[in-house]
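What follows is a single structure, written as structure tokens, with notes after it.
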Amino acid sequence: MRIDVLTLFPEMFASPLEHSILKRAREAGLLDVQTTDIREFTFDRYRQVDDSPYGGGPGMVMKPEPIFRAVEALASEPPPPDRVILFTPLGRRFKQEVAGELASCERLVLLCGRYEGIDERVHRHLVTDELSIGDYVLTGGELPALVVIDAVARLLPGVLGKDESAASETFAEHLLEYPHYTRPPDFRGWTVPEVLLSGDHGAIARWRREESLRRTLRHRPDLFLQHELTDEDRKLLGLTPPKTGRKRSAGGS
Ligand code: 4HQ
């Protein structure tokens, strides 16, 4: 997958892309991230990327011309981008489901704004998708872009090893992870649950599943409601299976 990032601060992307899994994915040729400095697409003496807002008011607005030129220059190289994404608090909330959609794309353009905002004509006539990573105010779209790159990269085929990839299935079924433990079995008197030391793989799998279900119910009831309980899940939670076949009548019994 190729990802082009348009930003006024390309240096912000260096370190996150040079470590761990993102570094490995790039070295393996599975992910190609190119940063482009929007200022390179200014042609005036002062290389101006922002200007005061029409109608007055505080702060500055990003000018449309350098952004259009930059995106159009990138888009002229094949393959054409599947999406041109802008980060803004009014965008669709970035969730695992969205990461999955983006991971199936060949090429993405991520547009990172600064200042009070971007000229509305960029939103209306250049951008295909607006995304928000959450309800808080950031100083720019660079951190959201890195969040999206990270979440999408780990979904690309071959990026995670065999051992790592199993964990990615968890969110897909809307459950949180079970608790993890490693050596020592007793740390300052805090012991590892007996079942994990038992060697009984069936019992361990059931314990982990029940922990996942219970902690999702307790900490994220919104996610729990999205999860489709299996018969095994119902048994683990001590719920009676729903009657199959004939529907209950309005009169009961
Ligand atoms: N922004 N999720 C970029 C955000 C934001 C968010 C405010 C967008 C500042 C310049 N973007 N402007 N939250 O807070 O995506």
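Note that the structure is predicted; figures quoted are calculated from it, not measured. One-based numbering, in listed order, for ligands and for the atoms of each.
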Is [X] salt-bridged to [Y], cutoff N-O under 4.0 Å?
X: D4; Y: R2; result: yes
X: R214; Y: E210; result: yes
X: E106; Y: R83; result: no
X: E40; Y: R47; result: yes

- Task: Give the cluster check for L22 versus V5: same hydrophobic cluster or not, with ILVMFWY residues linked at side-chain heavy-atom distances below 4.5 Å.
- Result: yes
- Applying a heavy-atom distance cut-off of 4.0 Å, which protein residues contact ligand 1? F87, T88, P89, G113, R114, Y115, L131, S132, I133, G134, Y136, V137, L138, G140, G141, P144
- V159 backbone acceptor or donor facing R154 side chain under 3.5 Å: no
